[in-house]
Number of protein chains: 2
Amino acid sequence: MRETVTPALGADSEDPRRGARTLVEFAYEAMRQDILRGALIPGERLRVEALKDTYKVGASTLREALTLLVGEALVTAEGQRGFRVAPISLKDFEDATRVRKLIELEALRESITNGDDDWEAGVVASFHRLSKVEEQFKSQDRATLSGEWEERNRAFHAALIAATHSRWLNHFIDILYQQSERYRRIALAGRAVNRDVHNEHMAIKEAALNRDSDEACRLSELHIDRTFEALSKMFQAQQGE
Amino acid sequence: MRETVTPALGADSEDPRRGARTLVEFAYEAMRQDILRGALIPGERLRVEALKDTYKVGASTLREALTLLVGEALVTAEGQRGFRVAPISLKDFEDATRVRKLIELEALRESITNGDDDWEAGVVASFHRLSKVEEQFKSQDRATLSGEWEERNRAFHAALIAATHSRWLNHFIDILYQQSERYRRIALAGRAVNRDVHNEHMAIKEAALNRDSDEACRLSELHIDRTFEALSKMFQAQQGE
DNA sequence: GTCAAATAAAATCTCGAGATTTTTGATTTT
DNA sequence: AAAATCAAAAATCTCGAGATTTTATTTGAC
């Protein structure tokens, strides 16, 4: 019979389920990360029989996790022909970037109008956290920090638009941000960004806190465009290999 | 042993699987329709054990179908606490309408710029088909035609924006159109629309074919706003009961 | 009587085996 | 040799039973 006593602290760091409530969520999160990292290659077939063993879950559980990823457009499914990692292309990257701009700028504008003190605090705090990890890039190895940078960068951009009331804008931004994260990570392939993103972030932060929504949107658009330009070159070079 | 010969034509109208390639797709489509119709009530719990019998599929198959609907925001899921029909609210309806306007007008503008002869033909044809069924409203019973009207209305709006190159705009429009369809069908509850939608559609069609994107967008926005105004009143009256 | 703990019931979640379909490869025919 | 046919292999899809968790009910303590 199984012991019902709560295990000692630290023991649950061994728990393969982490924070997931269900095995579906666990498999979903593991595969999501593997797709964003590029470990699961775009276009690759996702065979249930094989992935069962990789992620240590049953067939139905795995299919349900894959179906969740279909809803986020990280996986495609075709009846009787299985699942695949969603393919990537410059055209799709361009399209996703364009639509993300449309939606994110709308959300940013509203957020700057609505934002209260908590919103300002969130922007300041997340920018600070992001700056700290960017500071370390100058000395430390980039690869070990990139996971942390990804998370803090996401948090900063989320904080900027946190004061939007629109659930739908937020939902679509989440999806498109995730798409752009995949393109960024695949294009960079572990390398460092070679332009001054920090100053762009700071300028956006300043404009937002000054409640200058036109300027903040202008700078944000510039930021997204510049990022796309830089990454699309790397992407093309990489795909052309 | 089961006969392997292809059944006679007409016999497959008895096939509960219809056009679906898999049972997952079949259950997904059946539940989708039931949610859009309001037969499955917003907020209602979706018990796998019960729905298994209703849709005549196994537990895993049903869960996979439900998970597909989670991706379209028609169903919500909470770990270890099951699935629910996505709740509705005036606030959500308002938000979905706002974001749909943002995205759909962008798509319409691009479509009018890009549209070729095939696009024009599609707009003319779908408008004609929609007009025909609206004609019949004057004489025939509305309830029997409403399914056909829904489909043709959807087709007309899809034809207008068919020339967008953006897969992402189209994807989000599909999701938001479906949301608005649910609100419309629930708010109307089988009743007829009491304003002249036909003329609004015609005006949009004319502007689009004249390649007057500003005017087409203006009229389209007006159309969406008026529809929202009318439906939101019915919706509030209904929810207040 | 109220609260809490223990128990029972109900529901979700999970698994792996089997049915169905697709894909691959071998054989035959033109 | 190319195309078509058939058989074998591999993969998807599907099911229902059992494990786990949540929810409802009962019992007991104060």
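A quick note: this is a predicted structure, and the numbers were derived from the prediction, not measured. Order of the sequence lines sets the chain letters (A, B, ...), proteins ahead of strands, with each chain counted from 1.
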Quiz item: Which string of ( ) [ ] | and . matches DNA chain D, if you list each base 5' to 3' and count Watson-Crick or G-U pairs only when both distances are under 3.5 Å?
Solution: ||||||||||||||||||||||||||||||
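No contact: E25(A) has no heavy atom under 4.0 Å from any strand.
In this structure, Q80(A) atom CD and dT21(C) atom C1' are separated by 5 Å, rounded to whole Å. Atom pair L66(A):CG and dT14(C):P shows a separation of 14 Å (rounding to whole Å applied). At whole-Å resolution of the value, CZ in R81(B) and P in dA10(C) are 19 Å apart.
The heavy-atom pair separating G79(A) from E25(B) by the smallest distance is CA-OE2, 3.5 Å. Nearest heavy atoms, V85(A) versus P42(A): CG1-CA, 3.6 Å.
Here the side chain of S232(B) pairs a donor or acceptor atom with the backbone of F228(B) at under 3.5 angstrom. Panel note: side chain R191(B), backbone A187(B); a donor-acceptor pair is recorded below 3.5 Å.
Enclosure of atom CZ in R129(A) is not indicated, since only 12 or fewer non-hydrogen atoms of other residues, nucleotides or ligands lie within 6.0 angstrom.
Taking every heavy atom of residues 45-64 of chain A and every atom of DNA chain D, pairs under 4.0 Å involve R45(A), L46(A), R47(A), V48(A), E49(A), S60(A), R63(A), by number.
Exactly one residue among D92(A), T97(A), T227(A) makes a side-chain hydrogen bond (donor to acceptor under 3.5 Å, both in side chains) with Y183(A). That residue is D92(A).
With values rounded to the nearest 0.5 angstrom, L108(B) atom CG is found 6.5 Å from L105(B) atom CG.
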Exercise. Could you walk me through whether R32(B) and E72(B) pass the salt bridge (Lys or Arg N to Asp or Glu O under 4.0 Å) test, one step at a time?
Key: CA-CA 10 Å; R32(B) 192 176 75 89; E72(B) 297 178 7; 5.1 Å; no
